[in-house]
Amino acid sequence: DTAVSQTPKYLVTQMGNDKSIKCEQNLGHDTMYWYKQDSKKFLKIMFSYNNKELIINETVPNRFSPKSPDKAHLNLHINSLELGDSAVYFCASSFRTGGNYGYTFGSGTRLTVV
Amino acid sequence: DAKTTQPPSMDCAEGRAANLPCNHSTISGNEYVYWYRQIHSQGPQYIIHGLKNNETNEMASLIITEDRKSSTLILPHATLRDTAVYYCIVSTGGGNKLTFGTGTQLKVEL
(Lines give C-alpha, C1' and ligand atoms only; values in the text may rest on other atoms or scores of the structure.)
Protein backbone atom coordinates (compact mmCIF):
# COMPACT_ATOMS: atom_id res chain seq x y z
CA ASP A 1 0.00 0.00 0.00
CA THR A 2 1.18 3.52 -0.77
CA ALA A 3 1.37 5.42 2.45
CA VAL A 4 3.28 7.25 5.12
CA SER A 5 4.21 4.77 7.81
CA GLN A 6 5.53 5.54 11.28
CA THR A 7 7.03 3.30 13.90
CA PRO A 8 6.42 2.72 16.69
CA LYS A 9 2.71 3.48 17.07
CA TYR A 10 3.00 3.76 20.85
CA LEU A 11 6.04 4.66 22.90
CA VAL A 12 6.15 4.80 26.70
CA THR A 13 9.44 5.82 28.27
CA GLN A 14 10.93 7.39 31.35
CA MET A 15 12.13 10.95 31.71
CA GLY A 16 15.70 11.45 30.66
CA ASN A 17 15.74 8.66 28.10
CA ASP A 18 16.59 9.08 24.42
CA LYS A 19 14.18 7.73 21.81
CA SER A 20 13.66 7.73 18.06
CA ILE A 21 10.58 7.66 15.85
CA LYS A 22 10.92 6.47 12.28
CA CYS A 23 8.95 7.57 9.23
CA GLU A 24 8.92 6.26 5.69
CA GLN A 25 6.88 7.23 2.65
CA ASN A 26 6.56 5.39 -0.65
CA LEU A 27 4.55 8.06 -2.45
CA GLY A 28 7.51 9.50 -4.33
CA HIS A 29 7.16 12.81 -2.48
CA ASP A 30 10.24 14.96 -2.07
CA THR A 31 9.28 16.77 1.14
CA MET A 32 8.62 15.33 4.57
CA TYR A 33 7.44 16.88 7.83
CA TRP A 34 7.07 16.27 11.53
CA TYR A 35 4.02 17.65 13.32
CA LYS A 36 3.25 17.53 17.04
CA GLN A 37 -0.26 17.33 18.48
CA ASP A 38 -0.41 18.17 22.16
CA SER A 39 -3.03 17.28 24.75
CA LYS A 40 -5.17 20.24 23.68
CA LYS A 41 -5.24 18.79 20.17
CA PHE A 42 -3.31 21.63 18.53
CA LEU A 43 -1.30 20.43 15.53
CA LYS A 44 1.96 22.31 15.03
CA ILE A 45 4.75 21.81 12.56
CA MET A 46 8.18 21.04 13.94
CA PHE A 47 10.43 20.34 10.95
CA SER A 48 10.39 19.94 7.20
CA TYR A 49 12.95 18.33 4.90
CA ASN A 50 13.20 18.53 1.13
CA ASN A 51 15.48 15.97 -0.48
CA LYS A 52 17.42 15.56 2.75
CA GLU A 53 17.75 19.32 3.25
CA LEU A 54 16.19 21.04 6.28
CA ILE A 55 13.82 23.76 5.04
CA ILE A 56 11.54 24.42 8.02
CA ASN A 57 12.75 24.45 11.61
CA GLU A 58 10.20 25.88 13.98
CA THR A 59 11.02 26.88 17.53
CA VAL A 60 11.73 23.42 18.84
CA PRO A 61 14.13 22.51 21.67
CA ASN A 62 17.45 21.30 20.34
CA ARG A 63 16.80 18.01 22.14
CA PHE A 64 14.78 17.21 19.02
CA SER A 65 16.92 16.31 16.03
CA PRO A 66 15.45 15.21 12.72
CA LYS A 67 17.48 13.06 10.38
CA SER A 68 16.74 12.34 6.74
CA PRO A 69 18.95 9.64 5.21
CA ASP A 70 17.09 9.94 1.91
CA LYS A 71 13.99 11.63 0.61
CA ALA A 72 11.78 8.69 1.53
CA HIS A 73 12.75 8.68 5.21
CA LEU A 74 12.58 11.24 8.00
CA ASN A 75 13.36 10.13 11.53
CA LEU A 76 12.96 12.08 14.74
CA HIS A 77 15.38 11.61 17.59
CA ILE A 78 14.60 13.04 20.99
CA ASN A 79 17.23 13.35 23.73
CA SER A 80 16.66 13.71 27.45
CA LEU A 81 12.91 13.24 27.25
CA GLU A 82 10.74 15.45 29.45
CA LEU A 83 7.15 15.08 30.66
CA GLY A 84 6.10 17.92 28.32
CA ASP A 85 7.22 15.93 25.31
CA SER A 86 4.24 13.64 25.76
CA ALA A 87 2.14 14.09 22.63
CA VAL A 88 1.18 12.47 19.37
CA TYR A 89 3.79 12.98 16.65
CA PHE A 90 2.69 12.84 13.02
CA CYS A 91 4.90 12.45 10.00
CA ALA A 92 3.68 13.79 6.66
CA SER A 93 4.90 14.11 3.09
CA SER A 94 4.12 16.15 -0.02
CA PHE A 95 5.62 17.48 -3.21
CA ARG A 96 7.72 20.64 -2.81
CA THR A 97 6.56 22.61 -5.82
CA GLY A 98 3.09 23.68 -6.73
CA GLY A 99 -0.04 23.90 -4.66
CA ASN A 100 -1.87 21.19 -6.48
CA TYR A 101 -1.16 18.37 -4.09
CA GLY A 102 -2.39 17.54 -0.64
CA TYR A 103 -0.19 16.39 2.18
CA THR A 104 -0.35 12.77 3.31
CA PHE A 105 -0.05 12.10 7.02
CA GLY A 106 0.98 8.98 8.87
CA SER A 107 -1.17 7.47 11.61
CA GLY A 108 0.88 8.98 14.41
CA THR A 109 3.15 7.91 17.26
CA ARG A 110 1.74 8.41 20.73
CA LEU A 111 4.65 9.24 23.02
CA THR A 112 4.11 9.07 26.77
CA VAL A 113 6.89 10.19 29.07
CA VAL A 114 6.55 9.03 32.69
CA ASP B 1 -0.06 31.91 5.91
CA ALA B 2 -3.46 33.55 6.30
CA LYS B 3 -5.56 32.68 9.31
CA THR B 4 -8.94 31.04 9.10
CA THR B 5 -12.07 31.17 11.25
CA GLN B 6 -14.37 28.19 11.65
CA PRO B 7 -17.29 27.45 13.98
CA PRO B 8 -16.13 25.20 16.82
CA SER B 9 -18.84 22.60 16.32
CA MET B 10 -21.69 21.53 14.06
CA ASP B 11 -24.25 18.74 14.04
CA CYS B 12 -25.68 17.00 11.01
CA ALA B 13 -28.24 14.26 10.53
CA GLU B 14 -27.02 11.16 8.75
CA GLY B 15 -27.86 11.25 5.05
CA ARG B 16 -28.16 15.01 4.96
CA ALA B 17 -25.64 17.42 3.49
CA ALA B 18 -23.09 18.87 5.88
CA ASN B 19 -22.03 22.42 5.01
CA LEU B 20 -18.92 23.57 6.86
CA PRO B 21 -18.07 27.28 6.53
CA CYS B 22 -14.67 28.92 6.72
CA ASN B 23 -13.65 32.56 6.67
CA HIS B 24 -10.24 33.53 5.31
CA SER B 25 -10.57 37.23 4.66
CA THR B 26 -6.80 37.88 4.52
CA ILE B 27 -6.03 35.19 1.94
CA SER B 28 -3.36 36.12 -0.61
CA GLY B 29 -3.66 35.64 -4.33
CA ASN B 30 -1.27 32.69 -4.42
CA GLU B 31 -2.77 30.84 -1.46
CA TYR B 32 -4.91 27.77 -1.86
CA VAL B 33 -7.74 26.72 0.43
CA TYR B 34 -7.20 23.22 1.78
CA TRP B 35 -9.56 21.07 3.81
CA TYR B 36 -8.40 18.24 6.02
CA ARG B 37 -10.16 16.17 8.62
CA GLN B 38 -8.99 14.21 11.63
CA ILE B 39 -11.02 11.27 12.83
CA HIS B 40 -10.48 10.54 16.51
CA SER B 41 -6.71 11.09 16.80
CA GLN B 42 -5.88 9.42 13.51
CA GLY B 43 -3.58 11.27 11.14
CA PRO B 44 -5.17 14.23 9.33
CA GLN B 45 -6.70 13.21 6.03
CA TYR B 46 -6.63 15.41 2.95
CA ILE B 47 -10.12 16.08 1.57
CA ILE B 48 -9.96 18.71 -1.15
CA HIS B 49 -8.36 21.99 -2.10
CA GLY B 50 -8.96 24.88 -4.49
CA LEU B 51 -7.61 28.21 -5.62
CA LYS B 52 -10.45 30.14 -7.22
CA ASN B 53 -12.89 27.74 -8.81
CA ASN B 54 -15.29 25.40 -7.10
CA GLU B 55 -13.99 21.88 -6.85
CA THR B 56 -15.56 18.45 -6.45
CA ASN B 57 -14.10 15.04 -5.83
CA GLU B 58 -15.36 11.71 -4.55
CA MET B 59 -15.34 12.93 -0.96
CA ALA B 60 -16.70 16.46 -1.05
CA SER B 61 -17.31 19.72 -2.85
CA LEU B 62 -15.57 23.00 -2.16
CA ILE B 63 -17.33 26.28 -2.86
CA ILE B 64 -15.12 29.39 -2.83
CA THR B 65 -16.70 32.82 -2.95
CA GLU B 66 -15.77 35.10 -5.82
CA ASP B 67 -13.74 37.40 -3.56
CA ARG B 68 -12.07 34.28 -2.05
CA LYS B 69 -12.65 35.53 1.47
CA SER B 70 -14.68 32.53 2.50
CA SER B 71 -15.42 28.98 1.47
CA THR B 72 -17.76 26.10 2.28
CA LEU B 73 -16.97 22.42 2.38
CA ILE B 74 -19.95 20.28 1.46
CA LEU B 75 -20.27 16.62 2.37
CA PRO B 76 -23.30 15.74 0.23
CA HIS B 77 -24.57 12.73 2.18
CA ALA B 78 -22.99 12.68 5.62
CA THR B 79 -22.54 9.33 7.37
CA LEU B 80 -21.59 8.47 10.94
CA ARG B 81 -18.04 7.85 9.70
CA ASP B 82 -17.77 11.51 8.72
CA THR B 83 -17.77 12.50 12.40
CA ALA B 84 -14.41 14.25 12.75
CA VAL B 85 -12.65 17.58 13.25
CA TYR B 86 -12.52 19.45 9.95
CA TYR B 87 -9.72 21.92 9.34
CA CYS B 88 -9.77 24.73 6.81
CA ILE B 89 -6.24 25.87 5.98
CA VAL B 90 -4.86 28.44 3.57
CA SER B 91 -1.37 27.91 2.25
CA THR B 92 0.75 28.41 -0.79
CA GLY B 93 1.35 24.67 -0.66
CA GLY B 94 4.43 23.35 -2.37
CA GLY B 95 6.24 22.20 0.70
CA ASN B 96 5.24 25.06 2.93
CA LYS B 97 3.86 24.35 6.36
CA LEU B 98 0.18 23.82 7.05
CA THR B 99 -0.99 25.96 9.94
CA PHE B 100 -3.81 24.13 11.68
CA GLY B 101 -6.38 26.08 13.67
CA THR B 102 -8.91 24.60 16.05
CA GLY B 103 -11.18 23.35 13.29
CA THR B 104 -14.87 22.41 13.38
CA GLN B 105 -15.98 19.31 15.27
CA LEU B 106 -18.65 17.78 13.05
CA LYS B 107 -20.94 15.29 14.72
CA VAL B 108 -23.13 13.20 12.44
CA GLU B 109 -26.07 11.65 14.23
CA LEU B 110 -28.82 9.20 13.37
Side-chain angles (χ1 to χ4, degrees), chain A residues 2-6 9-10 21 23 25 27 29-51 53-60 71 74 87-112, chain B residues 1-4 6 8-9 24 27-53 55-60 62 64 68 71 73 83-106:
Chain A
T2 55
V4 177
S5 57
Q6 299 178 226
K9 189 172 179 61
Y10 300 97
I21 306 172
C23 180
Q25 56 92 7
L27 298 163
H29 290 160
D30 57 7
T31 305
M32 297 184 71
Y33 314 79
W34 278 109
Y35 280 77
K36 177 181 179 181
Q37 187 166 40
D38 59 25
S39 58
K40 295 183 178 179
K41 304 296 185 183
F42 289 114
L43 267 162
K44 293 183 180 179
I45 190 166
M46 301 173 68
F47 302 103
S48 172
Y49 268 77
N50 173 256
N51 280 329
E53 179 185 354
L54 180 67
I55 56 173
I56 294 176
N57 185 357
E58 294 292 294
T59 307
V60 176
K71 72 174 187 177
L74 180 61
V88 182
Y89 292 85
F90 290 101
C91 179
S93 69
S94 76
F95 287 109
R96 175 74 188 274
T97 57
N100 289 327
Y101 302 97
Y103 295 49
T104 303
F105 284 80
S107 57
T109 296
R110 183 174 295 276
L111 172 64
T112 303
Chain B
D1 292 341
K3 293 185 178 179
T4 62
Q6 300 178 251
S9 64
H24 32 78
I27 190 169
S28 300
N30 63 344
E31 288 182 314
Y32 292 79
V33 179
Y34 293 87
W35 283 84
Y36 286 78
R37 72 181 182 183
Q38 188 173 26
I39 299 173
H40 189 54
S41 297
Q42 295 178 19
Q45 177 189 21
Y46 165 79
I47 301 173
I48 199 168
H49 76 281
L51 184 62
K52 296 180 181 178
N53 299 322
E55 303 287 347
T56 296
N57 63 20
E58 65 278 4
M59 290 182 67
L62 173 60
I64 303 174
R68 302 212 319 128
S71 61
L73 178 74
T83 293
V85 178
Y86 287 76
Y87 297 98
C88 168
I89 300 166
V90 293
S91 171
T92 54
N96 289 309
K97 63 182 179 182
L98 297 176
T99 301
F100 286 82
T102 53
T104 296
Q105 172 67 63
L106 176 68

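In this structure, the portions of L43(A) lying under 4.5 Å from any heavy atom of chain B include both its backbone and its side chain. Using a 4.5 Å cut-off between heavy atoms, Q6(A) does not touch chain B at all. Proximity to chain A is limited to the side chain of Q38(B), based on heavy atoms less than 4.5 angstrom apart.
Between the side chains of Y87(B) and T4(B), no donor-acceptor pair is found at a separation under 3.5 Å. Under the 3.5 Å distance criterion, with hydrogens and angles disregarded, a donor-acceptor pair is assigned to the side chains of S71(B) and H24(B). For the residue pair T92(B) / E31(B), no side-chain donor-acceptor distance below 3.5 Å is found, with atom types taken as modelled.
Each of M32(A), K40(A), Q37(A), K44(A) has some count of heavy-atom pairs under 4.5 Å with chain B, and the biggest count is that of Q37(A).
Two residues are said to be in side-chain contact when any heavy atoms from C-beta on lie closer than 4.5 Å; Y36(B) and F105(A) meet this criterion.
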